[in-house]
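Labels below follow one simple rule: chain letters A, B, ... track the order of the sequence lines, proteins then strands, and each chain is numbered from 1.
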Protein chains: 4
Amino acid sequence: MVELKNKIPVGVLGATGSVGQKFIQLLNQHPWFSIIELVASEQSAGHSYGQVVNWLQDSPMPEEIAKKIILNSEQTLNAKILFSALDASVAEEIEQSYARAGHIVISNARNHRFHPQVPLLIPEVNAEHLDAIFSQSFGQGHIITNPNCSTTGMVLALKPLQDRFGIKKVQVVTMQALSGAGFPGVSSLQIMDNVIPFIKNEEEKMETEPRKLLGQWTGTEFREADITISASCNRVPVIDGHLESVSLEFENKPTMEEIIDAWQTFTSDIQQYGLPSAPGRAIYYFEQPHLPQPRLQRNLEGGMAVSVGRLRPCSVLHYKFHVLSHNTIRGAAGGAILNAELLVAKYGKKVGVM
Amino acid sequence: MVELKNKIPVGVLGATGSVGQKFIQLLNQHPWFSIIELVASEQSAGHSYGQVVNWLQDSPMPEEIAKKIILNSEQTLNAKILFSALDASVAEEIEQSYARAGHIVISNARNHRFHPQVPLLIPEVNAEHLDAIFSQSFGQGHIITNPNCSTTGMVLALKPLQDRFGIKKVQVVTMQALSGAGFPGVSSLQIMDNVIPFIKNEEEKMETEPRKLLGQWTGTEFREADITISASCNRVPVIDGHLESVSLEFENKPTMEEIIDAWQTFTSDIQQYGLPSAPGRAIYYFEQPHLPQPRLQRNLEGGMAVSVGRLRPCSVLHYKFHVLSHNTIRGAAGGAILNAELLVAKYGKKVGVM
Amino acid sequence: MVELKNKIPVGVLGATGSVGQKFIQLLNQHPWFSIIELVASEQSAGHSYGQVVNWLQDSPMPEEIAKKIILNSEQTLNAKILFSALDASVAEEIEQSYARAGHIVISNARNHRFHPQVPLLIPEVNAEHLDAIFSQSFGQGHIITNPNCSTTGMVLALKPLQDRFGIKKVQVVTMQALSGAGFPGVSSLQIMDNVIPFIKNEEEKMETEPRKLLGQWTGTEFREADITISASCNRVPVIDGHLESVSLEFENKPTMEEIIDAWQTFTSDIQQYGLPSAPGRAIYYFEQPHLPQPRLQRNLEGGMAVSVGRLRPCSVLHYKFHVLSHNTIRGAAGGAILNAELLVAKYGKKVGVM
Amino acid sequence: MVELKNKIPVGVLGATGSVGQKFIQLLNQHPWFSIIELVASEQSAGHSYGQVVNWLQDSPMPEEIAKKIILNSEQTLNAKILFSALDASVAEEIEQSYARAGHIVISNARNHRFHPQVPLLIPEVNAEHLDAIFSQSFGQGHIITNPNCSTTGMVLALKPLQDRFGIKKVQVVTMQALSGAGFPGVSSLQIMDNVIPFIKNEEEKMETEPRKLLGQWTGTEFREADITISASCNRVPVIDGHLESVSLEFENKPTMEEIIDAWQTFTSDIQQYGLPSAPGRAIYYFEQPHLPQPRLQRNLEGGMAVSVGRLRPCSVLHYKFHVLSHNTIRGAAGGAILNAELLVAKYGKKVGVM
């Protein structure tokens, strides 16, 4: 287990947006990390955080955060670990720049997810991919990414099935929450009493990211899993929590009982580390036919567990089920923090943060 | 074209529920039909309609309807054509009883949909199935049914594709509106900021009804189409309009252009009859990537057209797209009225209503 | 009654925004007016309307409108009557400039509402204020304004009471729809499962506009009615329809029956003109205790009638009641069109539009 | 401070409804109380709680509760303290019957609120009213009530103002959450994209309860405060949290600064007891003009604090402001639990529970 004399100082990039706010909310009173620096765009830099941010979290803004003066991305930072909630339009350059300056960037942006030496990481799924950071050539620094919010929940549910039975084909239709679009994101006039059957670039992410996540790091390169995925992504009037209807075809078709057993007995290597943000159980299976539901299960284990239910035969592929996960916690800020915790536990001394 | 000296008197069974209300709203000022009788349960019978009904339509209750005294289902009716919005728990017995008394029951209930001589009818899809009524043995009367609200829109979109290219497999995930559950139906506490991934019996209906609809009436029996369908049904916080994400595998894989052409040039035999409720076009294809949406397209052609969009390749089956239709108009009351109109136009004299 | 040989050509300023779209929707197939010109900001000008607008109305965009090339506000226009949906930040200068060029600007913007020669007009309330346009000195042109969306419905309900009993004090708390904020307006993340107890500048408008509307045009100036108004404005998750809870103190306290009678027998001078957008009745009183409701009554008379209900004694002032009106129709575009119709009917020849 | 050797066993009456569920959620892991008995209606009695309840809370049902067999109201109970979430239609008889059997009933029902010896209690407001229980003649037992959910928040905000400046008149318009109507309560078809301007009996409660709460217990009777209140109650599409727009007239008109100071420095006698459910501060004043909002502030201090904001002059009365409180926590189950805590702290030995 990790023991720290002092908390590790961290920074947040893109601190004013909705994922940035979620980082701040989740890192407040974190047992390992302490926010010392906030970075945002030119307009915000130089002002105190409390002055400029439109705080939309359901817990009050931490007072010491409110007082902090926001920095801009040109300024030198003291925190070694930086959580990035940067917009994809600027993340590539800024994240690389910080990495080259010696920082470890734990990114939620999509830009480096398919970089050949950057791990796309879900600790319970592919903790061994973390080793790829030592092949990176961003100066003394590193970049670690987490997947898109709609990918994470599904891949966690697929992981134990892939391990035991092999997966060949996946059909997934998503019903995604509004918070996934950031703030201001979706106008109320667009989504009240409505569903929008399109989210830009989302289907492409869901069809490619699981292949890297469920694949292997050979020591020199990533080998993708040979799974065919078809995704159809929809925005629904739900605040938090992505619900997905999934159909699967296996290499070795299991029984329903074997699938449920795979979910219910799923454990991962990372449990040895006692990571603070890791859920007690990563996957919950619900037997009631009307579960999981976004409002009822999204906060399970602090939003870090995924919920599955409604497993039943599929007449086109083998089986179908529903999976739910919290898109801004497990699918974004919480997932990135768990990645940082894994880094500290596994390689904290090697990368110089403890 | 049909010419009537006088409007045909009709009755509504189950007149106080939400589909009953929609029948009344749509039949108000109908050029062919005139409501003369309203039937509801024991508690309502004997009172005026205006007194007992919780009117939830967005147009005012017609005044002459408000004054009508509600009858019970034991009373003799004068209207030859009866629209049935009865609950499935009582529809079987009451509908058969009215048919045996010589009435023609145009039913929205599920009970007789798979009866071997009862047509499950969408005029643009299988008008020729109507002939089955002359093989029925409900005394002098007849029963005609329309499909479940989630089936109708999808089957209209499939019909031109089935005719031209043949369909082998269908995967469909629905996002269904609240009005499909009737009143009071879904509690606001269950569905606000939420999705419910389960609708009782709905997946079974969607997996079987299209096979009868897209099949043939041989003159003596129905032969089902050989299509494999897998459905996953969800309730979303939308008032009206079922949106469905569909993936297809064809017998003869067409190009995307051929599919769009099939939709855009689709016509049906019923256009010769000038049915008042028939949409000018039954299928609209939208090129914009974010359409169709329930709130924007559900009322197209008075809620009788279906909207399709987002046609694109599917890596698991051949193609995927979205389809939207108004569940209480095209998918329920409006669909049933169109069935009655087809009956009048094709066999009005033979069945004695004109 | 007005008889026109040809439709009067009109233009729409600010045509791409949500009020601009509503103008287009309501003017499509208008019996007197025909849109020949659309004006919008620099970014949109030069493109066809269909290319640049994010159409959010529930009826399809008219095809001939979709093809029109958008003009910018520097270009000379041929239409004499211009409907202005301009943003308040630019309306003052542009509207005056068009008026000086000889156009009649029918404005929904707030800028000129308190100009000493500009009528703030609701035809059923203060049609005689229209005469003020002949005291204006905007060259050969004129400017006519309609009130804020939250003011209109309340003032229509107050008008018959003011005439008969005199009003001294008004307390009003509003529950206002999202469309009042325009597009994109309120983010879905701000308003889902929420109420926002603040709308910028709204309370000021509600506390001042009714005084001008219920006051007099003396021939040379406006004299405000001596009514004290206190307003508290809230945004609720409703798409269209402002609902307001009003308490009143009268000069001569009437009975409840007298108030209801004043509403139910209310007529106005404008009925002689047969204006196409005028509702058959401007005020509907509902006896049922749970009405009026936004979704059920907002579209009454095409959205041009106001609905009142729940009249009951108030223990602090005299009486309280609820009033509902459609904010983008009666409270914005529809109200402005009715103003233009009154102008045409009363002074069409004098101002040179027929 | 209270020190207990063992937790006090308690029971919940009406345990399956929505307030009953909230009692269970809040009493789970309560430092003083432990649920040993659950009582519900005949249909549920004899089954395990987990089998029959439709659990709608956002935290999982406690496992030991799920296993408990539900009792009916005829059975003898061992818990001395009983929390009542009974429906008003049955509460009067059952609560009195339990009191006569020696139990202390902490009731959320309205039935005994105006009983001449039953305290209507908010500990921070009128803790001294608790003494009235010793004048009761329900055998050895007692009944204590808490006010209606819409009353509680407003009265907490009024208390410091009444103490310092005296209140003469109150105008309040509420925007109340769906959970206040229980389950199934309001149908989604009634409230989506809508507001309902009526809640049965609610205005009467708000106009009378504050007079008892802000009045005095003389030792033999309750003397009501001489305040005139006018209420207008509305249901809005919000899950939890009643927002209210309040206007006030004072006996001695203060400045705005004095009002804010009264709120910000408000303390009450009960702070001496260290009650587990008491909020650190009962009243929070927000300076930002757009606060308080239901979704952002309802959970402040675990849902036990009230939030006020938007203080500004009122042109009809003296001042107006908004107040928000969590209707099922502070306004129902949480408020009742706080009442029980006050009883234990002040009279625990005298009434025989410790």
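Among residues 235-248 of chain D, the residues having any heavy atom closer than 4.5 Å to a heavy atom of chain C are, in sequence order, D:Val236, D:Pro237, D:Val238, D:Ile239, D:Asp240, D:Leu243, D:Ser245, D:Ser247. Residues of residues 154-161 of chain D lying under 4.5 angstrom from chain C, judged on non-hydrogen atoms, do not exist here. Within residues 202-216 of chain C, the residues approaching chain D closer than 4.5 Å by heavy atoms are, in numerical order, C:Glu203, C:Glu207. Applying a 4.5 Å heavy-atom cutoff, the residues of residues 283-294 of chain C that approach chain D are C:Pro289, C:His290, C:Leu291, C:Pro292, C:Gln293, C:Pro294.
Side-chain N or O atoms of D:Lys169 include none that pairs as donor or acceptor with a backbone N or O of C:Ser315 at under 3.5 Å.
Contact count versus chain C (heavy atoms, under 4.5 Å) is highest, among D:Arg310, D:His322, D:Lys168, for D:Arg310. Ranked by heavy-atom pairs under 4.5 Å with chain C, the list D:Val195, D:Ile229, D:Leu324, D:Val170 is led by D:Val195.
The two residues D:Val316 and C:Ser230 come nearest to each other via the heavy atoms CG2-CB, 3.9 Å.
Residue C:Asp226 qualifies as open at atom CG: its count of foreign heavy atoms under 6.0 Å is 12 or below.
C:Arg295 places a side-chain heavy atom less than 4.5 Å from the side chain of D:Met192. Side-chain contact between D:Arg312 and C:Ser232 is present, with heavy atoms from C-beta onward closer than 4.5 Å. Annotation: side chain of C:Cys314 is in contact with side chain of D:Gln171 (closest heavy-atom distance under 4.5 Å).
Atom CD of D:Gln190 and atom CG of C:Leu296 lie 9.0 Å apart (nearest 0.5 Å).
At a 4.5 Å heavy-atom cutoff, the contact between C:Leu317 and chain D is made by backbone and side-chain atoms alike.
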